[in-house]
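We count ligands from 1, going down the list as the structure has it; atoms in each ligand are counted the same way.
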Amino acid sequence: DSILTTKNLTKRYGRDENAVVALDHCSLTIPEGGKIAIVGESGSGKSTLLHLLGALDIPTEGEVFFRGQSIYTMKDQALSAFRRQNIGFVFQSYNLVPELTAKENIMLPLLIDGRDVDGEYFEHVVEVLGLHSRLGHLPGQMSGGQQQRTAIARAVMNKPPILLCDEPTGNLDSKTSAEVIALLLEVTQDFHMTLILVTHDRKLADKMEAVITIQDGRIGGGLS
Ligand code: ADP
Ligand code: ADP
């Protein structure tokens, strides 16, 4: 079964003759529990596609379906509730709060939502990501890889069925990048999440189950 489907998904920035077509009638299906890479050159539309899959933006045309339901028919409030409940995000820039420890950063989304922390789940995630000895550290006291592992823990803390990652290893060296990709695969496998990872690095993409290529806003090759 598919968890996300897009139909003729299109995003134009600007109007008329100045419009940039970032995404051009893109139709694809992401299977439940899939581990998918979206690969393409800089400017090909990867981030735009990821943001639309994660309800961070509004398409110009076309639709995104989550388990069969068209998400962009929801009103703003319902859409952000949908996003908080179902989507975890990991960005290239980690986006950790510098004044908070790793543990506080990981807990922050749950605290903001007033949700309880599942202690057993927290321990399990921290263990898989190898963060035990870093929980009391501030982001500035951690390496890039450790900061990104902290951001991954934060992104999965409310158990979203979908984890979206936008160039998560863009600031990391190749050895650390490979480790982070392996951990992303392990965490999402352990907790039955769908993983969608955007990268311009074909070698990293090939570590996933399937690769979707994108060029000039168009899907090419489909699942391979
Ligand atoms: P990628 O993630 O593959 O680098 P993007 O989705 O960021 O590609 O961008 C796709 C195209 O859309 C590019 O031509 C980019 O310049 C353009 N674009 C992205 N965001 C905006 C924006 N906010 N305003 C105008 N053009 C944009
Ligand atoms: P950068 O490209 O500077 O590294 P990011 O990858 O962190 O930026 O973020 C990419 C885009 O996603 C930005 O346009 C940002 O506004 C948006 N974004 C980042 N985090 C969130 C969030 N938690 N909610 C909504 N939008 C976000």
Side-chain angles (χ1 to χ4, degrees), residues 3-30 34-66 70-72 76 79-80 82-83 86-96 144 147-148 151-152 155 160 162-174 176-178 180-181 184-185 188 193-224:
I3 187 161
L4 286 172
T5 303
T6 74
K7 203 171 152 200
N8 292 327
L9 195 62
T10 298
K11 180 71 180 181
R12 284 187 289 272
Y13 294 106
R15 285 176 183 275
D16 308 325
E17 66 272 20
N18 297 320
V20 173
V21 184
L23 206 61
D24 193 2
H25 296 86
C26 160
S27 297
L28 57 84
T29 296
I30 309 281
K35 312 283 179 263
I36 311 293
I38 298 170
V39 69
E41 289 173 16
S42 179
S44 57
K46 304 184 297 298
S47 290
T48 300
L49 174 56
L50 202 72
H51 289 181
L52 290 173
L53 289 174
L56 283 179
D57 207 347
I58 306 284
T60 313
E61 264 180 59
E63 289 180 279
V64 174
F65 298 91
F66 171 76
S70 176
I71 66 169
Y72 286 106
D76 283 0
L79 198 63
S80 54
F82 162 81
R83 185 172 58 231
N86 293 300
I87 315 279
F89 292 100
V90 175
F91 297 99
Q92 176 171 345
S93 47
Y94 321 133
N95 296 354
L96 299 173
Q147 289 183 65
Q148 193 58 298
I152 293 166
I162 301 170
L163 186 62
L164 301 181
C165 305
D166 196 351
E167 298 276 7
T169 63
N171 292 329
L172 303 174
D173 63 49
S174 58
T176 309
S177 296
V180 164
I181 298 298
L184 279 170
L185 284 165
T188 52
M193 290 174 198
T194 300
L195 173 62
I196 306 176
L197 177 134
V198 154
T199 180
H200 64 274
D201 186 333
R202 181 74 209 202
K203 263 201 203 142
L204 286 179
D206 284 340
K207 294 180 189 290
M208 307 289 279
E209 280 171 10
V211 178
I212 294 169
T213 58
I214 182 166
Q215 191 173 11
D216 296 332
R218 289 169 185 253
I219 299 296
L223 293 182
S224 64

Using the rule side chain to side chain contact (heavy atoms under 4.5 Å, CB included), only one of Thr169, Leu195, Thr176 pairs with Ile181; which is it? Thr169

Listed partners of Asp206 passing salt bridge (charged side-chain N to carboxylate O under 4.0 Å, His left out), at least two apart: Arg202

Just by modelled atom types, is the Phe65 backbone N or O under 3.5 Å from a matching donor or acceptor in the Thr5 side chain? no

Excluding sequence neighbours, so at least two apart, what forms salt bridge (charged side-chain N to carboxylate O under 4.0 Å, His left out) with Lys207? none

Minimal non-hydrogen separation, Asp24 against Arg218, with atom names: OD2-NH2, 2.9 Å

Measuring from each atom of ligand 1, which residues have a heavy atom under 4.0 Å away? Tyr13, Val20, Ala22, Glu41, Ser42, Gly43, Ser44, Gly45, Lys46, Ser47, Thr48

Those residues that, when tested against Glu61, pass salt bridge (charged side-chain N to carboxylate O under 4.0 Å, His left out) (two or more places apart): Arg12

